[in-house]
Every structure is written in C-alpha cells, then in structure tokens.
Amino acid sequence: MYAPTTIIIADDHPLFRTALSGTLKSISPQAEIVESEDLPSLQACVEDHDQASMILLDLHMPGADGFSALIFLTAHYAHIPVIVVSAHDEPEIMRRALDYGASGFLPKSSSTDDMKDALNTVLNGGIWAPEGLSQARVVGNDEQSIADALALLTPQQFRVASMVTQGLLNKQIAYELDVTEATVKAHMTEIFKKLGVHSRTQVALALSQLAIAPETLS
C-alpha cells in the first residue's frame, strides 16, 4: 500500500481516535496521523495540512453535527478525499454521505481488512462503501439546494452559521472567534444572502436539514 503523507482523523472521542490511529499505523507505518476533536480544530488541521492524503471524519463533529462538516470539506478541500467513519451504519446514512461527496463510508464496526481495502481504494481514486449499498441517490432537491448554499460559505461564515445553530448570540460568537460584533453581523448578512434566509431561526432550520435524522427535529 502507498504510504500517505498525512491522514487527518476528526472524531470527538479520544479513545476511538487512539484506536483508529493505531490501526492506521499498523496498515501504513510511515503515515503522519493528525487528530482533531471539533470543528475549530478540524478547520485548523486542514489549513495546516491542506495537502493531506485523506480525512477520516466522524459525522458527530462538535460544532458541525450531521453532514455539514462533510459538505464544508468537500467544498473547500475537494482535492482531499474524505472517508466517513461513523457508528451510523444505516444504508440511507451511508448513501447520503456518498451523495454529499464522501469518497468512502466505514462503519465503526469495520474490520481491519475492510479499513485497509477502503484506504487503498480511496487513495487510488476510487469510492469505497460496504457491499450491496444501493447506487440510487437519496438526497432530495431541497436538501441538495441547502447543501449547495452551505458550500458557498467561507470557512469563517460556516463556523458562524454553525454557532448560530447552537443558539449562540452575536456577542458570544464574537467572543469565541475573537472578533468584533460588527464583524459577526457582517458575516450574518452574507450567510442570510447565501442561504436565502432572513433570520437566525431560518439559518438553524436550514442546517437542521443536514442532520443525521432531520425528520426528528422540531
């Protein structure tokens, strides 16, 4: 197997990151493993390693739950293949991940052999998914439109939008990002324009469509 220069692991569970890193090292000893645990650290990782060979992404990334982090990565770092590694192994979830641009999907219960096959396939430019997964798209036009609009956001606008979905006010967002409230308001104006919405509530509702199970959200 070709030894990639850098593999980024994005998962908020330290024990799983450690286990996954160990498995990757056993498969590709020369690989540099870089870990992130939330959206800010993931953004920092891809900025610092924008020539990484691969990203292994959990769908439950704090700060960007559901498919939004995947959409962000495929929009801004399309040259880096992303394999989703998730405890969610429902066929619809796997199909949605591939529809949103993932190069592979590995359930967290996957064997080392499956992981090796996935890495080899994706590093060679292919798409990897469990056998028998339907090739039919499951993402509807409305949901795809939201994803396309989200992809237009800059990295900072994406982070602001994600904070809005968490219920943070402009003052709190400004503090977290170490910027002025005026800067946050300017970002919000652009977010409204790009998403085609008129309120913070509509931003949150739009992004909720990209959650794992949007039908369960109020």
Selection residues 27-50 - residue pairs positive for ring pair (Phe, Tyr, Trp, His ring centres under 6.0 Å), sequence neighbours left out: none
Whether S28 side chain and K25 backbone form a donor-acceptor pair below 3.5 Å: no
Least distance between heavy atoms, T6 atom then V34 atom: CG2-CG2, 3.7 Å
Criterion side chain to side chain contact (heavy atoms under 4.5 Å, CB included) on L42 and L57, from CA distance to verdict: CA-CA 9 Å; L42 173 59; L57 175 71; 4.1 Å; yes
Donor-acceptor contact below 3.5 Å, side chain S162 vs main chain G63: yes
D117 side, atom CG; T112 side, atom OG1 - distance, nearest 0.5 Å: 11.0 Å
Main-chain N/O of L169 paired with Q172 side-chain donor or acceptor, under 3.5 Å: yes
Any residue meeting salt bridge (Lys or Arg N to Asp or Glu O under 4.0 Å) with R200, in chain and number order, not counting sequence neighbours: none
Which atom of I146 lies closest to which atom of A206, heavy atoms considered: CG2-O, 3.4 Å
Worked check of side chain to side chain contact (heavy atoms under 4.5 Å, CB included) between E143 and Y100: CA-CA 10 Å; E143 190 176 335; Y100 283 130; 2.4 Å; yes
Results of side chain to side chain contact (heavy atoms under 4.5 Å, CB included) for T165 - residues two or more places apart only: A204, L207
List the atom pairs, with distances to 0.1 Å, where a side-chain N or O of residues 11-18 and a protein N or O form a donor-acceptor pair under 3.5 Å, not counting sequence neighbours.
unit_1: D11; atom_1: OD1; unit_2: H13; atom_2: N; d: 2.8
unit_1: D11; atom_1: OD1; unit_2: H13; atom_2: ND1; d: 3.4
unit_1: D11; atom_1: OD2; unit_2: K108; atom_2: NZ; d: 2.9
unit_1: R17; atom_1: NE; unit_2: E35; atom_2: OE1; d: 3.1
unit_1: R17; atom_1: NH1; unit_2: D11; atom_2: O; d: 2.7
unit_1: T18; atom_1: OG1; unit_2: P14; atom_2: O; d: 3.0

Shortest non-hydrogen contact from L70 toward A97: CD2-O, 3.4 Å
Working for side chain to side chain contact (heavy atoms under 4.5 Å, CB included), residues W128 and L123: CA-CA 10 Å; W128 195 96; L123 287 172; over 6 Å; no
Heavy-atom pair with the smallest gap, counting every atom of F105 and L59: CE1-CD1, 4.4 Å
Within-4.5 Å side-chain heavy-atom neighbours: H76 and V46: no
CA sep, side-chain torsions, deciding dist, call: Q43, F158, side chain to side chain contact (heavy atoms under 4.5 Å, CB included): CA-CA 10 Å; Q43 289 183 319; F158 176 82; 4.0 Å; yes
Side-chain donor-acceptor pair present, S41, D38, cut-off under 3.5 Å: yes
Non-hydrogen side-chain atoms of L153 and V160 separated by less than 4.5 Å: no
Spatial distance of atom CD1 (I7) from atom CG (L56) [nearest 0.5 Å]: 6.0 Å
Common cluster, I127/V82, ILVMFWY with side-chain heavy-atom separation under 4.5 Å: yes
Side-chain polar contacts of residues 187-195 - donor-acceptor pairs under 3.5 angstrom, sequence neighbours left out - could you list them?
unit_1: T189; atom_1: OG1; unit_2: K185; atom_2: O; d: 3.1
unit_1: E190; atom_1: OE2; unit_2: K193; atom_2: NZ; d: 3.4
unit_1: K194; atom_1: NZ; unit_2: L152; atom_2: O; d: 3.1
unit_1: K194; atom_1: NZ; unit_2: Q157; atom_2: OE1; d: 2.9

H79, NE2: over 12 other non-hydrogen atoms inside 6.0 angstrom: yes
From M61 atom CE to S68 atom OG, the distance as rounded to the nearest 0.5 Å: 10.0 Å
For I8 against S36, the heavy-atom pair lying closest together: CG2-OG, 4.4 Å
Interatomic spacing from OG in S199 to CG in L205 - rounded to 0.5 Å: 7.5 Å
Closest non-hydrogen atom pair between P62 and E37, with its separation: CD-O, 3.4 Å
T23 and S26 side chains, donor-acceptor separation under 3.5 Å: no
Side-chain touch I9/L24, heavy atoms, less than 4.5 angstrom: yes
Partner residues of I80 under the side chain to side chain contact (heavy atoms under 4.5 Å, CB included) criterion, sequence neighbours left out: A52, I55, Y77
Close side-chain approach of I173 and V164, heavy atoms under 4.5 Å: yes
Value rounded to 0.5 Å, distance of CG in D142 from CD in Q209: 8.5 Å
Gap between atom OG1 of T180 and atom NZ of K171 - 0.5 Å precision: 13.5 Å
